[in-house]
Each structure stands twice: as C-alpha cells, then as structure tokens.
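Please read these numbers as outputs of a predicted model, since none were measured by experiment. Each ligand, and each atom within it, is numbered from 1 in the order the structure gives. Any value given below was found using the heavy atoms of this structure, including those in side chains, with hydrogens, waters and symmetry copies removed.
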Amino acid sequence: MIRRSFLFALALGAALPLAAWAEAPLKVVATTGMIADAVQQVGGDQVEVKGLMGPGVDPHGYRQTRSDIVAATRADLVLWHGLYLEAQMEDFFHDLGRKRKVVAVADAIDKSKLRAHADYADKYDPHVWMSPVLWKDVVVEVQKALTDVRPDSAAYFAANAQRFLAEIDQLDAYGKKVLAQVPEDNRVLVTAHDAFAYFGEEFGFEVLGIQGISTQSEAGLNRIGELVNTLVARNLTAVFVESSVSDRSMRALIEGASAKGHTVSVGGELYSDAMGEPGTYEGTYIGMLDHNITVIARGLGADVPERGMSGKLSAGL
Ligand SMILES: [Zn+2]
C-alpha cells in the first residue's frame, strides 16, 4: 500500500515528505534461498527480497543472468554467501561492491568454527546452513547489514532477529532429540556431494559424500567402488539423493552394491544447497532443515513424526 502510493506520487511528480521515503521497503537481493529467507525473517515488511537461486539450483555452478545483474545493480543491499560457494560469481560481486553495499554474510563466521575445504588448502567448507548453530551467526550478519542500510529500523530488525534465532534454537534441539533415536550403527549419512559435514558434526553422524564439497567435479569410479565396499562391509542400506544434484552417481552406487548382493535403497531426497518451493514450509530455512532431519531420521530407522517438528511438513516423505 505504502509502495503503491509512493509510486503514484512519483508518477505525479509530487514532492514526497521524508517519512514516505523511509517507509518504502528496502530492495534486497540475496543469492541462495537460505539467505533470502533470513532477510525476510529479519527484515519483515521493511524489505522486498529477491532470491537469485530458486529450488533445485546448484550454487556451485550458478552464473548470474542478465536479470540478476539488473536486480543487483538496482538493489539497496546485495547479500551473497561467500566462502567460495558462488564460485562462478566471485568477480561479479567484487566489482559490484565498488558501487553498491554488498556483503558476503557467511564470511563473517569465525574461521575457527569452519571446516577445511578438502580440495583447497586456503578455503573452507561453505555449507554452514546445515548447522543451525552456525547459521545463527549468518542471521546476525544479515541483521547487521540491514541495520547499516536502515539504522532507523534497528530495534525492529533486532526484535525479528531474536524471534528467528529462538526458532532456530528450537529446531536444533528438536533435531538432536529425533536424530538421537537413529540406531547407533546406522548413523552414517551417504549423500551425493559433501554438503552435510556440518550437519554430521552438529547431530553426531558420519558423512560420506560421493562427490566432493563442490559439485563441479565428477565422482571418480574409484570413489564409487570405495563407497560400495563401505556400504557392504558395514551393512548400510540407505543412501540419500539431493534436490539440487543429479542422482547419476547415486544410481551407480546402488547398482554397484547390488552387483555384490547388497541391497541399498534411497532413504529420501534431501535439500542440500537449495530449499523447497517458495510459499511452502520446505521453502523456508526452518522447513528445509526440519525436512532433512525428519527424512534422515526415518530413512535410517528412527520412529519419529512424519510431519516434523510442528506438523508442517508435506505428508508422504
Ligand atoms: Zn554444495
């Protein structure tokens, strides 16, 4: 409403009182859905968020489109993840940072809390959203960035952030409770790429990815053979596919195990680097993790609620 009258006034060439300017929502562009969700949670009605990467989009290989460039150059604030997640967009954001307020929100996390990158000595594992505890640092960074561009709304952003951080704490506690019900021998998470190391650390799971931390390299036959042997030797029967990564190597793994007389099935589909459909519970950060926690717990033999922490997950996982 405020926005419409603002545009109307603009069209008439009317002089606007200062308060009207202050009330127009901040235009924020964010790369991943997880960051866009944090902006929406903290910014509330003071922001108009555009997330560049939708459901199923792989951030490791994503390049900015023409319309992304337009949106980012017109935004009041541009937030990207950093930690080399958006490997193909680094130059774009560094250049844009000379003209716009651009913040790499995950770069702010204390490096002592991060895991080393398996392939690059000077880089870190970027998948920090998988740990609710680490993600809280990112939410605080989003709050700081919004407050920097609109200091008058500091108290509003702080109150929203507190509420969201409390929800994340609740999710973390729920995850610990339900994942502890997975039989100890089954606490191994086999996934398409190495996105779940922080998740494993937080919730006490061993994590084995077919591909490395980035999805940009093909899984070698050696790696698949090695994992087949592990599945057989440890009698692991469930693996997990990811919504933003091709399941080709996962098929090869299942077939490899089958050739050795060991039946492995898909325990479910996880959201690794992108969230679910916008407008759904799975299309929020809390819903994305609730989904993963629930699918992993049930897929590995725990009897936990199908509809998740607060009964909001889609049925029939
Ligand atoms: Zn990834």
Side-chain angles (χ1 to χ4, degrees), residues 30-38 51-64 79-90 92-93 104-107 109 111 113-135 137-138 188-203 205-220 223-224 227 239-250 252-253 266-276 282-285 287-289 291-293 295-296:
T31 51
T32 69
M34 293 73 86
I35 300 171
D37 182 63
L52 302 184
M53 302 174 187
V57 172
D58 176 0
H60 301 284
Y62 187 84
R63 278 176 196 280
Q64 64 277 9
L79 301 177
W80 60 306
H81 187 82
L83 299 178
Y84 207 54
L85 177 71
E86 305 97 333
Q88 311 299 321
M89 299 175 83
E90 297 251 317
F92 172 63
F93 288 122
V105 285
D107 268 345
I109 299 175
K111 299 292 183 282
K113 298 180 186 174
L114 298 180
R115 300 176 60 93
H117 196 298
D119 305 325
Y120 304 96
D122 59 336
K123 293 190 167 62
Y124 299 92
D125 179 348
H127 302 91
V128 293
W129 56 91
M130 289 295 179
S131 156
V133 173
L134 283 177
W135 194 244
D137 288 359
V138 170
V188 184
L189 189 53
V190 181
T191 59
H193 90 298
D194 258 334
F196 290 85
Y198 293 110
F199 184 97
E201 211 167 72
E202 181 70 18
F203 297 111
F205 277 67
E206 186 181 344
V207 179
L208 303 170
I210 303 180
Q211 276 173 289
I213 284 176
S214 170
T215 55
Q216 300 301 291
S217 55
E218 276 286 309
R223 177 66 181 149
I224 291 174
L227 276 176
V239 295
F240 295 87
V241 293
E242 300 174 25
S243 63
S244 55
V245 182
S246 147
D247 62 0
R248 200 152 47 105
S249 349
M250 200 50 89
L253 184 66
V266 173
E269 184 178 77
L270 304 178
Y271 295 114
S272 54
D273 292 359
M275 310 194 303
E282 289 82 354
T284 67
Y285 174 72
M288 170 196 196
L289 257 76
H291 169 95
N292 286 351
I293 288 164
V295 168
I296 291 167

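For the Zn ion (ligand 1), the nearby protein N/O/S atoms, meaning those under 2.8 Å, are His60 NE2, His127 NE2, His193 NE2, Asp273 OD2.
Looking at His81, its side chain never comes within 3.5 Å of a backbone N or O of Thr32 through a donor-acceptor pair. With hydrogens and angles ignored, the 3.5 Å screen pairs a side-chain donor or acceptor of Asn292 with a backbone N or O of Tyr271. Here the side chain of Glu202 pairs no donor or acceptor atom with the backbone of Pro132 at under 3.5 angstrom.
Relative ring orientation between Phe196 and Phe199 is described as perpendicular, the plane-to-plane angle rising above 60° on a 0-90° scale split at 30° and 60°.
For the ring-ring contact (aromatic ring centres under 6.0 Å, His included) with Trp80, the qualifying choice from Tyr62, Phe93, Phe92 is Phe93, the only one to do so.
Side-chain N/O atoms of Asp58 and Thr215 include a donor and acceptor closer than 3.5 Å.
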